[in-house]
There are 2 protein chains.
Amino acid sequence: MVHRNTNAVRDAALRGAGFRVTPQRQAIIRVLETSDRPLSVEEIISRMKGYRSGVPTVYRNLQQFAEHGWVETLVGPDQIMRFVWCSTSKHHHHVQCEQCGRAVEVEGCALKRALEAMEAKSGFRITRHQLQLFGLCPECKGE
Amino acid sequence: MVHRNTNAVRDAALRGAGFRVTPQRQAIIRVLETSDRPLSVEEIISRMKGYRSGVPTVYRNLQQFAEHGWVETLVGPDQIMRFVWCSTSKHHHHVQCEQCGRAVEVEGCALKRALEAMEAKSGFRITRHQLQLFGLCPECKGE
DNA sequence: ATGTCAAATGGAAATGATTTTCAATAACGA
DNA sequence: TCGTTATTGAAAATCATTTCCATTTGACAT
């Protein structure tokens, strides 16, 4: 029930954005939505059940999804692109656990005041920012 | 006078960190110190006066400098590594102008309060963060 | 000065993630 | 059902970064 409904919502979103509904796209979204951490293309493909997309297809779709604000693309020091599904299209950030790798969204953005201070200091008008947070998740910090 | 003094300071810093003083290292540092924006390895090499380093040498040194906190490595969506010289080893951020590309350091970090709010929301203990700021520099926002 | 030796360099080759090409396939409106 | 057009994916290309390794060089001791 829930599952079927989720799929319907997803397909409607795809169509609404002008996408055709293909099993590849569905599979990519399904994997990202159920992942608790950012995934590389390789990881996305290996986690697909029942359907295996080609590499270029996954890259292409992720790029398109990113343009729609559905996924965020993260490039760490290892130079590998990783992708997180964004449940909200509102401005938000991700915190990732340095121990277990799990990442969660932090909705909203508490940076307003800080950005104003930095604008004053630098003389720049700050129009865009990207914040990556790392730390310990509730479980990992517990021990 | 000033120039000679700057060189002496730089060489002393290199020796102090256990590096040998080579013309390549001096050239890399000189280019980064006098750049008003992050540079790729290709750009660093093409800006060297009088001395041209090999590509692997530049990468190796930049990595070492980054480990010492002398440079910050930025990887943008174009997947190319760019490097900025950090005049201070204290925590700071960089704002880059989206129009002209110029980047400046914003010393200090006004995020303390914001990070506490995000810790409360997420349940994570935030230990590290990376903030990239973009906007318009004083000149470019003027028109 | 000179010798010694580990650190440093750099050309060439390797690596490997991402992108391009293009022919085949499939979604979807008519 | 059919035709149009987006989408897919295997293979090849791209290209920034890294590795290899033979050669050079900085720094210290003699």
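Computed from heavy atoms alone, side chains included, the values below leave out hydrogens, waters and symmetry copies. Note on naming: letters A, B, ... go to the chains in the order of the sequence lines (proteins, then strands), and numbering restarts at 1 for each one.
Hydrophobic cluster membership is shared by A:Met48 and A:Val55, with clusters built from Ile, Leu, Val, Met, Phe, Trp and Tyr side chains linked at under 4.5 angstrom.
For B:Phe83 and B:Trp70, the distance between ring centers is not under 6.0 angstrom. Residues A:His129 and A:His91 bring their aromatic ring centres within 6.0 Å.
Atom CG in B:Asn61 sits about 15 Å away from atom P in D:dT17, given to the nearest Å. For B:Glu42 and D:dC15, the CD to C1' distance is 11 Å, given to the nearest whole Å. Atom CD in B:Glu43 sits about 11 Å away from atom P in D:dA16, given to the nearest Å. Between the C1' atom of D:dA6 and the CZ atom of A:Arg15 lies a distance of 14 Å, rounded to the nearest Å. Regarding B:Ile80, its CD1 atom lies at a distance of 13 Å from the P atom of D:dT18, rounded to whole Å. Atoms CG (A:Asp11) and C1' (C:dA26) sit 15 Å apart, rounded to a whole Å. Between A:Ile28 atom CD1 and D:dT8 atom P the separation is 7 Å, expressed in whole Å. In this structure, the CD atom of B:Gln26 is 14 Å from the C1' atom of C:dT9, given to the nearest Å.
Taking every side-chain heavy atom of A:Val21 into account, C:dC28 is the closest of D:dA16, D:dT7, C:dC28. Between D:dG9, C:dT19, D:dT18, one nucleotide has an atom nearer to the side chain of B:Pro56 than all others, and that is D:dT18. Comparing C:dA7, D:dG9, D:dT8 against the side chain of B:Arg20 picks out C:dA7 as the nearest. Proximity note for A:Val55 (side chain, C-beta onward) versus C:dA27, C:dT18, D:dT18: the nearest is C:dT18. Among the nucleotides C:dA8, C:dG10, D:dT8, the one closest to the side chain of B:Arg60 is C:dG10. For A:Met81, the listed nucleotide lying nearest its side chain is C:dT18; candidates were D:dT8, C:dT18, D:dG26. Considering only the side chain of A:Tyr59, C:dT18 comes nearest among C:dT18, C:dC28, D:dT17.
For B:Thr57 and C:dA8, the shortest distance from a side-chain N or O to OP1 or OP2 is not below 4.0 Å. Taking side-chain N and O atoms only, B:Arg25 has no distance below 4.0 Å to OP1 or OP2 of D:dG26. Considering only side-chain N and O atoms, A:Thr22 lies under 4.0 angstrom from the phosphate OP1 or OP2 of D:dT8. A sub-4.0 Å separation between OP1 or OP2 of C:dG10 and a side-chain N or O of B:Gln24 is present.
Residue A:Ser40 is classed as having no contact, given no heavy-atom separation below 4.0 Å to the nucleic acid. Among the atoms of the strands shown, none is found under 4.0 Å from any heavy atom of B:Arg82.
Toward the 5′ end of DNA chain D lies the nearest nucleotide of B:Val41, the other residue of the pair B:Pro23 and B:Val41 mapping further downstream. Mapping B:Gln79 and B:Val58 onto DNA chain C by nearest heavy atom places B:Val58 at the nucleotide closer to the 5' end.
No salt bridge links A:Glu43 with A:Arg47; every basic N to acidic carboxylate O contact stays at or beyond 4.0 Å. Note on A:Glu98 versus B:Arg128: salt bridge recorded, some NZ/NE/NH1/NH2 to OD/OE distance being below 4.0 Å.
To the nearest 0.5 Å, atom CH2 of residue B:Trp85 and atom CG of residue B:Leu39 are 12.5 Å apart.
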